[in-house]
Structure formats: structure tokens, C-alpha cells
There are 2 protein chains.
Amino acid sequence: MSDAPREIDALIEMMARLPGLGPRSARRAVLYLIQKRSVLMAPLAQAMADVARTVRECANCGNIGTSDLCAICSSEKRATGEICVVEDVADLWAMERAGAFRGRYHVLGGTLSALDAVGPEELRIPRLIVRIAEENVTEVILALNATVDGQTTAHYIAEALEGTGVRITSLAQGVPIGGELDYLDDGTIGAALKARKSF
Amino acid sequence: MSDAPREIDALIEMMARLPGLGPRSARRAVLYLIQKRSVLMAPLAQAMADVARTVRECANCGNIGTSDLCAICSSEKRATGEICVVEDVADLWAMERAGAFRGRYHVLGGTLSALDAVGPEELRIPRLIVRIAEENVTEVILALNATVDGQTTAHYIAEALEGTGVRITSLAQGVPIGGELDYLDDGTIGAALKARKSF
């Protein structure tokens, strides 16, 4: 593939499987690593091995961490009455960066998909129902992506939680902060108009 | 940065230093690695550690390999009379992928640059002059990038080799194979016209 020594070819091939990298950029990344092999490559290999060894999914919410319960589920500072349901850990991190939510999370690990044979069992939905009873939850916030799959999954969860008496909410849809109307899609403008409020 | 556990944050921070990855794509890559921690992350960490430990620069030509002399310099099948001078290992790999050159290489490791204080010593140019005598070289092919720095370096090397009696050539410039004139820059079209040949 690159006429590099076999070990380097193997490394390039693995790097090329990362999202955002292809064969060409993987080659470039590996050459950069080789140039910086003592200051970056060796520490990166070590950090990666450490994470691969220690990381695990939280038994309660599906977030990742280094112990059986993640930092959020084991924190006393996080409110137990509210659960924010997200598709994956990246979305959980995005919510945490926003710093606006002080409750706990439930990471589905994807969206329902008949095509990919992803059913409720694969998505930790039964576990969510158990948690609602166990943790005295009063509100479930569905923070799923505004995609067809995300919204299908949101509807499924809302139906599954009917009768539990818990309040079910979802993130507001509208114009993003700093957003310019000219650059927004029609769906967003339509949703924002429909949900307009008095000024 | 991402509200991830400290170990994961450290890994993201290091991944973000790779060319072609930024903070956001590094996060995405790390989450992907965590999902595939046994099939991809652990082997990748191992491959990276192996390469960091074993890779070294060829003492003769500057190519990378796993022993003191690279696979090309130690191959009996490669002609010794011709040396192809390239800027870096990525260019050497590109030449090898083309499969059109059966001689040996000399990897400069960059281009001359007054701004970055890169002089001939930093670029293995003295070593090139030694090799020309030692390896009975008859032709030096300057396969440097068609950039200002690349061409400045090519001119410097050509001058430095004056009087050695060796033939100095450079890659032809012209329309790339499959290239459409409409998409080519003026410089390329001008060079191709100047170097036109009878049909």
C-alpha cells in the first residue's frame, strides 16, 4: 500500500479505519507520528493502551468511564429526579459542555432501526424504565437528534413511558443562537415560527 | 474539554495534534476507538508502540525502516547508479507507488528555508555528495515538489553537485495524466506548452 515497512503499513491500515481519516491522511498522520516518535507517538500509544484497558460502560446509564458507575451517576451533586436521554456519549459530552443540565443521563447507544435490526433491547430502553422507578424520576428529557431516526426513537420511548406518570419533554427546536435565517433550512424556520413566543 | 474521564481527555488531546484531525474529529475518533476497544483500539496501541520502538532513519538515505539500512538501500535489486532526491518519506512512497524508478533514494527531510533556519546540513546534502562518490552514481534525479521552496532547493543541490560530473535531471513538468486543461493552473499550462513535443 505505501511501500513502507510491514509494521508501518499495518499501523497506517488501522489508522485509516478511524472516522475522518482515509488512506492518504492516515499515511500523513503516521509519518507525523514517526517524526515525533518520542514526544508524541510513544505517549499516544501508552494513552491508548491505558484507555483500552480501563474504560468501560456505566452499568446504570451507558456513559463511559473508568469504574462500574460513571462519574455522573456516582456524583452526589447531580439531581436524581431528571434523566436526559441521549443517543450516544458524544451527545452527552455536548450537553455537558453546554453546562445547562444538572441531572443524570441515559445513553441509548444509537437509535431504533429496523434496517440495522436495532430494537429497544439494544438501546437500553428496558433499563431506562427500571431507572424511572428506582431513581424516583419525575422528568425524562428526550435530547435526541432532530433526525428521522432520532425522532422515531423519541416517539417510541414516549409511548413506552406512558402510564409511568413521569413528565416527558424534548429539547426546543428553533433558530440556533447566532444563526442567520438566510442559512437555515426550511424545516428549522418552520419549527421556529410554529413555536414562536411573545417578545 | 469534553467532560470525559481524565484519561480519555488526555487521549483526545493527543489525537487532536495529528495532522488532519482537530478537537472535534479527535473526539469522534476516540469514541469510535472506545466502541471498538478490543478489535481496534488495543491492536492500534500495540502497533503504535511497536513502530515507535523499532522505526529508525536509514543511515544512508534518510528513509524510514526498522534497521540501520532501509529496505531499499540494502536491496541488491535496486540499481546503485541513480539516486532520486525527494523532500520527505511521503514523496518516496509516492514514487514507489508509481513503480517507475528502480534506483535508490535520498530523502532530504525538508527544503532549504532561511526563515526556518534550515540549511544544507539539516537536509543531508553533505551526505548526498559523499554518496555520489561512494556509490558510483551517474545520475541524480531531483524529484522535488514544484513549489518555490522545492525548486530553490533543487537549484541549490544542482549547484552543489557541479563539478562532480554526475548527470542532474528533474521530473518533467506538464499536464497530469487524466488532467483537464480547464482545471489546471496557468503555470502548469505554461510549462506544458513550453516543453511541448512533436506528436
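Throughout, protein chains are lettered first and strands after them, A, B, ... in sequence-line order, and every chain is numbered starting at 1.
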[X] and [Y]: same hydrophobic cluster, using ILVMFWY side-chain contacts below 4.5 Å?
| X | Y | answer |
| --- | --- | --- |
| A:Leu171 | A:Leu92 | yes |
| A:Phe101 | A:Leu142 | no |
| B:Ile168 | B:Leu112 | yes |
| B:Ile141 | B:Trp93 | yes |
| B:Ile72 | B:Ile132 | no |

- Proximal component of A:Ala10, with respect to chain B [non-hydrogen, under 4.5 Å]: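 Contact with chain B involves no heavy atom of A:Ala10 at all.
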- Message: Strictly less than 4.5 Å between heavy atoms, which residues of residues 30-55 of chain B line up against chain A? Please order them by number.
- Response: B:Leu31, B:Tyr32, B:Leu33, B:Ile34, B:Arg37, B:Val39, B:Leu40, B:Met41, B:Ala42, B:Pro43, B:Leu44, B:Ala45, B:Ala47, B:Met48, B:Ala49, B:Val51, B:Ala52, B:Val55
- Could you grab the distance from atom CG of B:Leu18 to atom CZ of A:Arg28, nearest 0.5 Å is fine? 10.0 Å
- At their closest point, which heavy atom of B:Gly65 faces which heavy atom of A:Pro5, and how far apart are they? CA-CG, 3.7 Å
- Could you tell me which portion of B:Ala71 (side chain, backbone, both or neither) has an atom closer than 4.5 angstrom to a non-hydrogen atom of chain A?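 Looking at B:Ala71, nothing touches chain A.
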- Message: At a 4.5 Å cut-off on heavy atoms, which part of B:Arg17 comes close to chain A: side chain, backbone, both, or neither?
- Response: both
- Message: Shorter than 4.5 Å, heavy atoms on both sides: which option in B:Asp88, B:Leu21, B:Ile64, B:Val89 has the most such pairs with chain A?
- Response: B:Ile64
- Message: Within a 6.0 Å radius of atom CG on B:Asp185, are there more than 12 heavy atoms belonging to other residues, nucleotides or ligands?
- Response: yes
- Message: Take a 6.0 Å sphere around CZ of A:Arg167 and say whether it holds more than 12 heavy atoms from other residues, nucleotides or ligands.
- Response: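 No.
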